[in-house]
**Q** 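Okay, here's the structure, questions in a sec.
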Amino acid sequence: MTRFFTILCLMSIGFALSAQTGVIETREANNPSGKILTMEETILSRELAPADLYCRWFSNDEILMHKQGNWITFNINTKTTSPYKPSKKAEKVYTKGKSLYHRTDKGLALPIAVSKDDNITYGQYVSRNEFGINEGIFWAPDSSRVAFYRKDETKVTSFPLLDITTRTGSLKEIKYPMAGMDSENVRIGIYNFARCSTSYLKVDDFGEDQYLTNITWTPDGTKVLVQVLDRSQKHMHLNLYDADSGRFIRTILTEDNNRYVEPQDPVWFIEGSENLFIYRTDNRDGYRNLYLCDLKGTEVRRIVDTDADLAYVGNDGKHIWYTSAEVSPVENHLFRVSMKVPESALWKGAGVVRFGKPQRLTFDKGWHDIAMSPDCRHYVDSWSSLTVPREINLCTSDGIAVRNMLSAEDPTLDYAYTEISLGTVRSADGKFDNYYRLIKPKDFDPAKKYPVIVYVYGGPHSQMVQNTFMANLRRWEMYMAQRGYLVYVQDNRGTQNRGAEFEKAIHRQCGQAEMADQMEGVKMLMELPYVDKDRIGVHGWSYGGFMTISLITNYPEIFKVAVAGGPVIDWKWYEVMYGERYMDHPEVNPEGYEKTSLINKAKDLKGKLLICQGAIDPVVLWEHSLSFVRACVVNNVQVDYFPYPCHEHNVMGKDRVHLHDKISMYFEDYL
């Protein structure tokens, strides 16, 4: 890693820190004599949200706002608000059952693609929401055509979910493609409204076993770009197709990586150009950066020479706006870079475009979420920090604030919120700073010793620690801190926003680098004079459940109590898209699957472990946790288990109060 951070060690707050750690910011205890959180407030209450205001752009001059339960629009020119009236498109495409229909402005429902097979679905998301996929219908810019997914799950095996609400119980079969097994077949159809006809893109780069993602229309609506990924997820082609015939035109660029390629974004065309577009990848320079490309594939050029992960915000043909982690991985800031695009660039390629020096537009320390207006003349900056609850400002595109839309009051003033610190600890390989938050108990006394709860997730596409209000804490963490626990949360290698080397360190060995990094944090904690080394617990859900059981079975001498929710137990039972990306195919990496399987670790469980599981979980199937319980029985190892019969992967609603009561009581009883 080429970028390091200078950390100020704040010894005044009572930390006994090694040379490898540092505290970067602290939020002092807030009204320690105030109210103590109840579980209902922790889980259900909206009163402790820093602001009940959500903003996004409705048009160039109107911001759509959700305030106090109502949707309204704010006109930035007249400075007036109006009730929100959703516009109705003359044409709409929707899925009913498994078939795709077009509803005209006269209310007629015309079939586009009719499914006569229960295994085939039109117009819905595919690949289980991986690769940035969250929808299945894609409109052309002029609404003359619509692209849609066709998903064929004929070869995918089924898994039964038990519905206990029926008189005698019943099974609901879901299609679940496990790692190493047959996956779905996906095609992309294009419906032309004028011709009332459908064509399918001729995509055969890697045969039937391939993934199709990030569908993007060209500005004229006659062509489609698709990122085509092979089954191994090590090779990707960005292809261009003719929309009406489905004919393959050319491959614009390719990506290859011996670990994995992970496309997450569509491409974004430069305003006013039919040829130039912006592409985002972490496969070329080690960071998820932005590149200028053209449809002829003549060049892929890095826009900003910054060793940090970037995210695209918008462009107006003269400037490109983006957010960056370059100030700090726990902060998010807005930048813009000027660009000169001569008319000759239409088909001459990206090389004729010149870029200026990037300009930073946000300076308040913290995490800035940016919503850019469609014409890129204004943006809404919604930001917070460890000590700032929420500020929402309307700004011109050059960073000048023109109106404060919200300055949130601290919602915790009446409560006994305790001290929160942000800091870093070196990764186990010594290459990176891992960020953490530490919450101290109520009425903290450095002369006393306190039990510790490590809350962990640790998996891909996560960042648990950010310089936002209360440092992204889940209120349950504060609930436990108020009851006498130190609560520790740390990001590790494998999580996002730190570059490809940091993220891909887990490849073929899920849980190993993550555990090693988490243990560096635990070692740091154990050096603190006020930590009770004999009372350390761990809790996490999903990937965090996998991490929780991994930690208590691999380090039984450290962790006394653990609560794992919806845990992955063996990656061969997890979905093919996610599992094979990070672990490879089971036949290619049998040693990795064997090493990371928690079935093999059941015999090593020494402390108290509670597993909670949604019994109709379609994400981490019941097979995982039940198999671990069976392994405990076979090895004569005691384990506690609590299913939630009517819940999926997450326990929601009022039952979530019950869940967190169960978790809290388990630590109270045994830690």
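Start at 1 with the first residue, then count along the sequence. Since this is a predicted model, take the numbers as computed values, not measurements.
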**Q** If you take all heavy atoms of Gly499 and Tyr287, which pair is closest and at what distance?
**A** CA-CD2, 3.6 Å
**Q** With no hydrogens and no angle check, do the side chains of Thr323 and His333 hold a donor and an acceptor under 3.5 Å apart?
**A**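 Their side chains do not contain a donor-acceptor pair, so the 3.5 Å distance test is not met.
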**Q** Tell me whether the guanidinium CZ or amine NZ of Arg426 lies under 6.0 angstrom from the six-membered ring centre of Phe432 and within 45° of its axis.
**A**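 Not flagged: Arg426 not positioned over aromatic ring of Phe432.
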**Q** Tell me whether Lys365 is salt-bridged to Glu25, with the criterion being a basic N under 4.0 Å from an acidic carboxylate O.
**A**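 Looking at Glu25 together with Lys365, the answer is yes, because their closest N to O distance falls below 4.0 Å.
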**Q** Just jot down the ring-ring contact (aromatic ring centres under 6.0 Å, His included) partners of Tyr670, sequence neighbours excluded, or say none.
**A** Tyr666
**Q** Hey, what's the ring geometry for Phe642 with His658, parallel, tilted or perpendicular (30° and 60° as the breaks)?
**A** tilted
**Q** Can Asp534 and Lys560 be counted as an ion pair, charged N to O under 4.0 angstrom?
**A** no
**Q** Would you find a donor on one side and an acceptor on the other, under 3.5 Å apart, between the side chain of Asn289 and the backbone of Asp309?
**A** no
**Q** Report the relative orientation of the aromatic rings in His539 and Phe667; use parallel for angles under 30°, tilted for 30 to 60°, perpendicular for over 60°.
**A**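 Rings of His539 and Phe667: perpendicular, as their planes differ by over 60°.
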**Q** I'd like to know whether CE of Met665 has more than 12 heavy-atom contacts from other residues, nucleotides or ligands below 6.0 angstrom.
**A** no
**Q** Side chains of Asp655 and His647: any donor to acceptor distance under 3.5 Å?
**A** yes
**Q** List for me each residue that meets salt bridge (Lys or Arg N to Asp or Glu O under 4.0 Å) alongside Asp517, sequence neighbours excluded, and say none if there are none.
**A**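 Here the qualifying residues are Arg493.
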**Q** Once the angle between the rings of Phe131 and Tyr211 is folded into 0 to 90°, is it parallel (under 30°), tilted (30 to 60°) or perpendicular (over 60°)?
**A** tilted
**Q** Kindly check if the number of other-residue, nucleotide or ligand heavy atoms within 6.0 Å of CG (Asn636) is above 12?
**A** no
**Q** Flag the pair Glu477 / Tyr455 as yes when at least one side-chain heavy-atom distance between them is below 4.5 Å, and no otherwise.
**A**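 Sidechains of Tyr455 and Glu477: in contact.
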**Q** Would you name the heavy atoms of Leu290 and Tyr322 that are closest together and state the gap between them?
**A** CD1-CB, 3.8 Å
**Q** So, taking the atom named OG in Ser664 and the one named CG in Leu671, what distance separates them when rounded to the nearest 0.5 Å?
**A**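 Interatomic distance, Ser664 OG to Leu671 CG, rounded to 0.5 Å: 12.0 Å.
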**Q** Tell me if the CD atom of Glu557 is crowded by more than 12 foreign heavy atoms within 6.0 Å.
**A**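 Yes, the 6.0 Å shell around CD holds more than 12 heavy atoms from other groups.
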**Q** How long is the gap from OH on Tyr312 to CD1 on Ile278, to the nearest 0.5 Å?
**A**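 Between Tyr312 OH and Ile278 CD1, I get 4.5 Å after rounding to 0.5 Å.
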**Q** With side chain to side chain contact (heavy atoms under 4.5 Å, CB included) as the test, would you mind laying out the steps for Leu438 and Ile420 before giving the verdict?
**A** CA-CA 6 Å; Leu438 178 65; Ile420 306 171; over 6 Å; no
**Q** Report yes or no: is the cationic atom of Arg483 (NZ for Lys, CZ for Arg) closer than 6.0 Å to the six-membered ring centre of Tyr479, at no more than 45° off its axis?
**A** yes
**Q** In plain terms, say whether Lys234 and Asp584 are close enough for a salt bridge, that is, a side-chain N and a carboxylate O under 4.0 Å apart.
**A** yes
**Q** If you measure from the Lys or Arg side-chain nitrogens to the Asp or Glu carboxylate oxygens, is any gap between Lys449 and Asp532 under 4.0 Å?
**A**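 Looking at Asp532 together with Lys449, the answer is no, because their closest N to O distance does not fall below 4.0 Å.
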**Q** Tell me whether Arg27 is salt-bridged to Asp410, with the criterion being a basic N under 4.0 Å from an acidic carboxylate O.
**A**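 Looking at Asp410 together with Arg27, the answer is yes, because their closest N to O distance falls below 4.0 Å.
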**Q** Please work out which of the three classes, parallel, tilted or perpendicular, describes the rings of Tyr291 and Tyr279, given edges at 30° and 60°.
**A**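 Geometry flag for Tyr291 against Tyr279: tilted rings.
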**Q** Below 30° counts as parallel, above 60° as perpendicular, anything between as tilted: where do the rings of Trp571 and Tyr543 land?
**A**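 Because their plane-to-plane angle lies in the 30° to 60° range, the rings of Trp571 and Tyr543 count as tilted.
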**Q** Ion pair present between Glu262 and Lys504, side-chain N to carboxylate O less than 4.0 angstrom?
**A**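 A salt bridge is absent here (no side-chain N lies under 4.0 Å from a carboxylate O).
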**Q** Quick one: are the ring centres of Tyr450 and Tyr485 less than 6.0 Å apart?
**A** no
**Q** Regarding Glu575 and Arg581, does a basic nitrogen lie under 4.0 Å from an acidic carboxylate oxygen?
**A** no
